[in-house]
Amino acid sequence: MVNANSSSVKSDFKNASQDLLYWYDKMARRLPWRLSPDNRKKGELPDPYHVWLSEIMLQQTTVPHATPYFLKFLDLWPTVQDLAAAENEDVMREWAGLGYYARARNLHKCAKVLAGLDKFPNTIEELLKLPGVGPYTSAAVGSIAFDLPVAPVDGNIERVISRLMTISGDGSAAGWAEDKKEITARVQELVPARSGDFAQAMMDLGATVCTPKTPNCMICPWVESCLAKKEGNPEDYPAKPKRKPQPIRKGLAFLAICDGQVLLQRRPDSGLLGGMLMPLSSDWAEGREYVVLEEAPIGADWKHVGQARHVFTHFALHWDVYVANLEQKPDLEGEWIKLEYAMEAGIPTVGKKALKLV
DNA sequence: AAGTCGGGGCG
DNA sequence: CGCCCAGACTT
């Protein structure tokens, strides 16, 4: 529901942008892909490759989780041309553990596009054409790398602006969808000349002060202008629709061991864990009993060694793990990886959970 | 508009 | 345990 107050944004939040920038000049987080406000005020801008790479990694991913991956990727591939020239399997291996593997595939595809251009795209229209770059990332790269007069809207900024302007959903999916559009439209009116710092300042505010559960309003640069604070219940904003509970899927993992090596197979490019190396497995399904001898890829003396559990976005997996020590390698597709290297072979977390049971 | 797609951290 | 995180893409 949008606040019924019909007075203009500009009169209500006239000083909000400058208040936030003043706070950011002192409190900005130092992050590996970020240029300090001091340097930006001298006219410097960050490397668009760094900004783009970080933004892809940070989609639905926390800063602490993404940071070591960002440093590793820059070390392996210092320029976008280097990344474009990499083998896709190497990119996927280095991305392993970061999740949402379609991002890695689109990242590599996008690097090849970028390497063929004269300069990094510097308009929203051009950025939106790039694979893996949507409304958020185009605005983030546009503002942070080029100071285009746009504001990205991510989960942090949705929350911060929702509270500042008391724009909140009614708990329904449709209501929240409408309010996200409203937030996106109204935050654009706040964008100051330093649009890149403004974007990063809102993210910092959401990450360190205006947090989801218990916002620390006492140290907030917007405490005077925030309508939700005036209402007294900023923690109630925004009211998002509840996610429905995840069903449990059950399946069996088959760790075929031979000569100190384990058999891994690369999954198809599309779908869950697309393009990633994983142990052999049965299908995963809800409410079904499994018979080892029927589901196993080969007949062998399979021994149950435990259960790996993993929560995906829309289901949880209970994966019973079976191991067989084979005399000779069977005629199966895949790659035999030495067990002592398996944890560094680029296997998604769920696969590593199963392998740890060996 | 709803579903698909990881993983980790925090209360 | 549920919720959240610098979302994009498909149907």
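Every heavy atom of this structure was used, including side-chain atoms; hydrogens, water molecules and symmetry mates were not. Here is the naming used below: chain letters follow the sequence lines, and residue numbers restart at 1 for every chain.
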| field | Side-chain donor-acceptor pair present, A/E235, A/T214, cut-off under 3.5 Å | value |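 On atom types as modelled, these side chains do not qualify, holding no pair under 3.5 Å.
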Looking across every strand, which nucleic acid part, if any, lies under 4.0 Å from [X] by heavy atom: base, sugar-phosphate, or nothing?
{"X": "A/T137", "value": "sugar-phosphate"}
{"X": "A/L317", "value": "nothing"}
{"X": "A/K244", "value": "sugar-phosphate"}
{"X": "A/L98", "value": "base"}
{"X": "A/A102", "value": "nothing"}
{"X": "A/G206", "value": "nothing"}
{"X": "A/P135", "value": "sugar-phosphate"}

| message | With a cut-off of less than 4.0 Å, is there a side-chain N or O of A/R159 near OP1 or OP2 of C/dC4? | response |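 It does not, given that no N or O in the side chain of A/R159 lies less than 4.0 Å from OP1 or OP2 of C/dC4.
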Shared hydrophobic cluster for [X] and [Y] (ILVMFWY, side-chain gaps under 4.5 Å):
{"X": "A/Y24", "Y": "A/V223", "value": "no"}
{"X": "A/L114", "Y": "A/V51", "value": "yes"}
{"X": "A/V311", "Y": "A/V350", "value": "no"}
{"X": "A/W222", "Y": "A/V191", "value": "yes"}
{"X": "A/F73", "Y": "A/Y101", "value": "yes"}

| query | Under the 3.5 angstrom rule, does the side chain of A/R40 hit a backbone N or O of A/I144 as a donor-acceptor pair? | reply |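 Indeed, once roles are kept as given, a pair shorter than 3.5 Å links the two residues.
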| On a whole-Å scale, what distance lies between the P atoms belonging to C/dT11 and B/dG6? |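 Their P atoms lie roughly 16 Å apart.
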| How do A/L130 and A/R243 order along DNA chain C: which one's closest nucleotide is nearer the 5' end? |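 Upstream on the strand: A/R243.
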| Should the pair A/F312 and A/W284 be assigned to parallel (<30°), tilted (30 to 60°) or perpendicular (>60°) ring geometry? |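 Tilted.
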| said: Here's a test of your reading of the structure: between A/Y101 and A/E178, which maps to the more 5' nucleotide of DNA chain B? | reply: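 Whichever sits nearer the 5' end wins; that is A/E178.
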| request: By nearest nucleotide on DNA chain B, pick out whichever of A/V311 and A/K181 is the more 5' one. | output: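 Nearest-nucleotide comparison on DNA chain B picks A/K181.
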| said: Could you walk me through whether A/F198 and A/L190 satisfy the side-chain contact (heavy atoms from CB on, under 4.5 Å) test, starting with their C-alpha distance in whole Å, then the side-chain angles of each, then the deciding distance to 0.1 Å, before giving a yes or no? | reply: CA-CA 9 Å; A/F198 180 66; A/L190 297 181; 3.8 Å; yes
| How many angstroms lie between atom CD1 of A/I219 and atom OG1 of A/T208, to the nearest 0.5 angstrom? |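 OG1 of A/T208 is found 6.5 Å from CD1 of A/I219.
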| A/F315 side, atom CZ; A/E286 side, atom CD - distance, nearest 0.5 Å |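 Going from the CZ atom of A/F315 to the CD atom of A/E286 covers 9.0 Å.
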Using heavy atoms and a sub-4.0 Å distance, could you list which residues of [range] are near DNA chain C? By number, please.
{"range": "residues 278-285 of chain A", "result": "none"}
{"range": "residues 343-358 of chain A", "result": "none"}
{"range": "residues 41-60 of chain A", "result": "A/E55, A/L58, A/Q59, A/Q60"}
{"range": "residues 62-70 of chain A", "result": "A/T62, A/V63"}

| task | Start with the C-alpha distance between A/R103 and A/L98, add both sets of side-chain angles, then the distance that settles side-chain contact (heavy atoms from CB on, under 4.5 Å), and finish with yes or no. | result | CA-CA 10 Å; A/R103 289 186 298 171; A/L98 201 49; 3.8 Å; yes
| said: Need two values: the first and the last nucleotide of DNA chain B, 5' to 3', having an atom under 4.0 Å from any heavy-atom of chain A. | reply: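 Listed 5' to 3', the contact boundaries are B/dA2 to B/dG8.
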| Out of A/D197, A/D47, A/D204, which residue meets the salt bridge (Lys or Arg N to Asp or Glu O under 4.0 Å) rule with A/R34? |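 Of the listed residues A/D197, A/D47, A/D204, the salt bridge (Lys or Arg N to Asp or Glu O under 4.0 Å) partner of A/R34 is A/D204.
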| Of A/V323, A/V321, A/I337, A/V262, which is the lone residue that meets side chain to side chain contact (heavy atoms under 4.5 Å, CB included) with A/L355? |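 It is A/V262, the one option of A/V323, A/V321, A/I337, A/V262 that forms the side chain to side chain contact (heavy atoms under 4.5 Å, CB included) with A/L355.
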| field | Sequence neighbours excluded, every pair satisfying side-chain hydrogen bond (donor to acceptor under 3.5 Å, both in side chains) that has a member inside residues 343-358 of chain A | value |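 Residue pairs passing side-chain hydrogen bond (donor to acceptor under 3.5 Å, both in side chains), neighbours aside: A/H310-A/K353.
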| Which atoms form the tightest heavy-atom contact between A/E333 and A/Q265, and what is the distance? |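 Taking A/E333 first and A/Q265 second, the nearest heavy atoms are O-NE2, 2.9 Å.
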